Amino acid sequence: MSTTDPRPGTHDDVVPVVRLTGIVKSFFGVDVLHGVDMDVRPGEVHALVGENGAGKSTLMKVLAGVHQADAGTVEVGGEEVTFDHPLQAQAAGVTTVFQEFNLLPERTVAENVYLGREPRRRRLVDPRQMRRDTAALLDDLGIDPDALSPDRRVASLSVAQQQVVEIVKAMSFDARIICMDEPTAALAGAEVDLLYSLVRTLQERGVAILYVSHRLVEIFDLSDRITVLKDGHLVQTVDTADTTPDELVSAMVGRSLGTYFPERTDGGPTDDVVLELSGAGNHDIDDVDLAVRAGEIVGVAGLQGSGRTELAQALFGVRPFLRGTMRVGGTELTPTSAREAVAAGLALVTEDRKAEGLALEQTVTSNARLVLDAVMPKTSNRRSRDIPGILSSLDFRASSGDPEVRFLSGGNQQKVVLAKWLVTEPAVLVLDEPTRGIDVGAKRAVYDLMRDRCAAGNGVLFISSELPELLGMADRIVVMRDGRLVGEVTADVGEEGVMALAAGTAGEVAA
Amino acid sequence: MSSLRERSGAAAGLLNRLTSGTATIFALLVVVLVVITILNPTFARPASLMAFLRAAAPLVVLAIGQYLVIVSGEFDLSVGALVGAQVVFAAKMIDGDPSRTWPVLAAMLVLGAVVGLVNGLITTLLKVPSFITTLGMLLVLFGAVRLWTGGAPTGALADNFRTWGRGGIDMPVLRQLPWALVIAVVIAIAVGLLMRAPWGRTLVATGDNDTAASFAGVRVWRVRTVAFVLSGVLATVAAILIGGFAGVTAQVGDGLEFVAITAVVLGGVVLGGGRGSMIAAIAGALAYQAIERLFTQLALPSTARPTLQGIIIIAAVAWAAREGSRGPGAANTPAPDASADPAPA
């Protein structure tokens, strides 16, 4: 394919921007990388994939100068380098946009881009020069200056815009390669398109992109080559055109995409309604009519800001319903606190695992029994005995003992959150983006759990931005837009059908 | 991963958990006690050890109270002023009459609980940062005592009041087991059990991440308010011991809030909440008392004490920060991305 591809950087004879050879890295005697080789060519989008714990982030951090390899060499532009500090890597044109941004919220875009190396004039910071340089960089990337002015405070920007600021910052170092760690994890649909176009612009400028992501769709949309890591070993580097999602998943986990979404094992939804809303609304959402039956998975689709998370929070009493009625298992109630919702048999796996789901410095057990301790202290000791069984049923693996959850991978953290709720034996599970930022294996565990709960007669409300999993798992899908339910579909409408409703392009026609 | 490595990992994890954050403070405590004993061998006698523990008991009780508030993510700066107010209140109300001791003790405990309740409710419901709430309470109590007494406290404590702070149970070897020590131990056991109960775990989780706690059904405001109430009650107990031991002056509680916070921080309890054990806080209190004792032994002027206290608190927090930045609790876990799944999930 290298002979037919018009893009630069896909020819084998080009000097790579970065070449990693035999990288070995271990922490506290545990080997994380076992001699990994990888090269990235100019203007190439190179995807780096693997399950959590495969060593992707560590490899990226070795390249970025955050970690130092125990063995192996790093070459940049054909010359061997040793980065002791990320600043050295940046100076050499190796920049990184981490999942958590390093921006000062109260400073302007320009101040953030040039933080610590502000242009000077007579030894004082020259704000006008700084603004001009930032505007030039934005312009170079084709960013509309009205949408993102160098004078905007970062706190006033959307997550997507903040990401653009990080990329602009990277470009201000004359980046030859930008490493992006899960760049779309926090973005909504339309924002992902912006990132796509930005990546392509960078590519045209000859900048290489090392793209770490769990989302196969993006990888196939964007990348030229894919490197697969598994347990710290290099599995393969392939041209994207020569592989398929199925092959890629097999390479990552040794299991094919065909079995990705587990089939249901029970007879399907019963007639018992476990959760019912009629005419429910508050400040954020309105006029929601919804019923979830025992054994049923109801998917909730919608763009970011369409009211999906607000619906979950209203159900859970965090931002309570002010209108309409809500019934759980036939009993009418309107929870005004999480505590009431829990007592009524609801469980909520929140969208933001670290901020809302876990006490990161507490152990797995403390986290897993927190709801019991808080809401049902009298039976907490007895019921918490179920926790080890629940964790192992979720295929939870911890190194030893009872570690603090901050040391776990995203997938394992999510399993702790799930265990925390399962041990309360809820009747209705509300899952808000339960697979966000977790690896393929952990996703599968979440899907299996959903099927299990259905078989056990629970109802599941499954909120997700990832249409394939909604279509693959939900019995039916309700679509939200502007705080309202705008339609209900089944999997046969496909991703386009759901998107059309969510974006409002087909909604009016259908209505 | 080999089972051998797994087992050694488990052993290291257990060791790590047993000593996490507490090893340093216990080592410091032992070192200081040994140095005192070398300088003054009579210190190791049971009787003088008992005297040391009696003197340390009020600080231990204060530190336990402060620990509860700090681990929940808050501060209680009002405890010193509360101790002062309570002692003055007791002297004035008892006025040397032993028959009034018991009712006054009850009234003091209620007063302490009310002060804690007000601190807690203002902090949690009015969302005033506890630093400000309790600083304000400190000034209110300080001013109220001055206003009420006109600067010089009046009245006197009866002997049956003072015995809690300076009396004890006569026995062989130890000569006397101080009531103050008995009370401190009973409180330590009670609070220790409380911390292992559901309430204690929700308290620490709240200090770690109150948003997550609230999503898990924790009534964050109530948990924290109870911590403040307990802090007020324990400060009152400390006041009873201090009043008996040291007698009545208007300055008796001055600066005790900082001593208590120093002790807790010395024990490795993290300001901001969610991390640290009560045992370590108690060890911190004992270590602080031992360091003071050492300086007495070295005949350092008492005017140097505040300077010493300042240096200790800064050094302790700097040490804790250094430990924290070393990251993952050593053997327990390798590194963020080495993660916990040795095998593919």
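Just so we're on the same page: letters track the sequence lines, and every chain starts at 1. Bear in mind the structure is a predicted one, so any value in this text is a computation, not a measurement.
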If you take all heavy atoms of [X] and [Y], which pair is closest and at what distance?
| X | Y | answer |
| --- | --- | --- |
| A:Arg339 | B:Gly217 | NH1-O, 2.9 Å |
| A:Ala338 | B:Ser214 | CB-O, 3.3 Å |
| A:Gln362 | B:Asp208 | NE2-OD2, 3.0 Å |
| B:Pro198 | A:Ser380 | CG-OG, 4.0 Å |

- Message: Using the rule given for side chain to side chain contact (heavy atoms under 4.5 Å, CB included), can you reason through B:Arg201 versus A:Leu370, listing the C-alpha separation, both sets of side-chain angles and the distance that settles it, and then say yes or no?
- Response: CA-CA 7 Å; B:Arg201 280 190 297 267; A:Leu370 184 55; 5.8 Å; no
Less than 4.5 Å to any heavy atom of chain B: does that hold for the side chain of [X], its backbone, both, or neither?
| X | result |
| --- | --- |
| A:Glu340 | neither |
| A:Arg353 | neither |
| A:Lys378 | neither |
| A:Leu348 | side chain |
| A:Asp352 | neither |
| A:Ser337 | neither |

Using atom types as modelled and distance alone, determine if a side-chain donor or acceptor of [X] lies under 3.5 Å from a backbone N or O of [Y].
| X | Y | value |
| --- | --- | --- |
| A:Asp373 | B:Thr202 | no |
| A:Glu356 | B:Phe215 | no |
| B:Asn209 | A:Gly357 | no |

- Greatest number of non-hydrogen atom pairs under 4.5 angstrom with chain B, of A:Ser384, A:Ala355, A:Pro377, falls to A:Ala355
- Query: Going from OG1 on B:Thr211 to NZ on A:Lys354, what distance comes out if it is rounded to the nearest 0.5 angstrom?
  - Reply: 15.0 Å
- Item | From CZ (B:Arg275) to CD (A:Glu404), nearest 0.5 Å | 4.0 Å
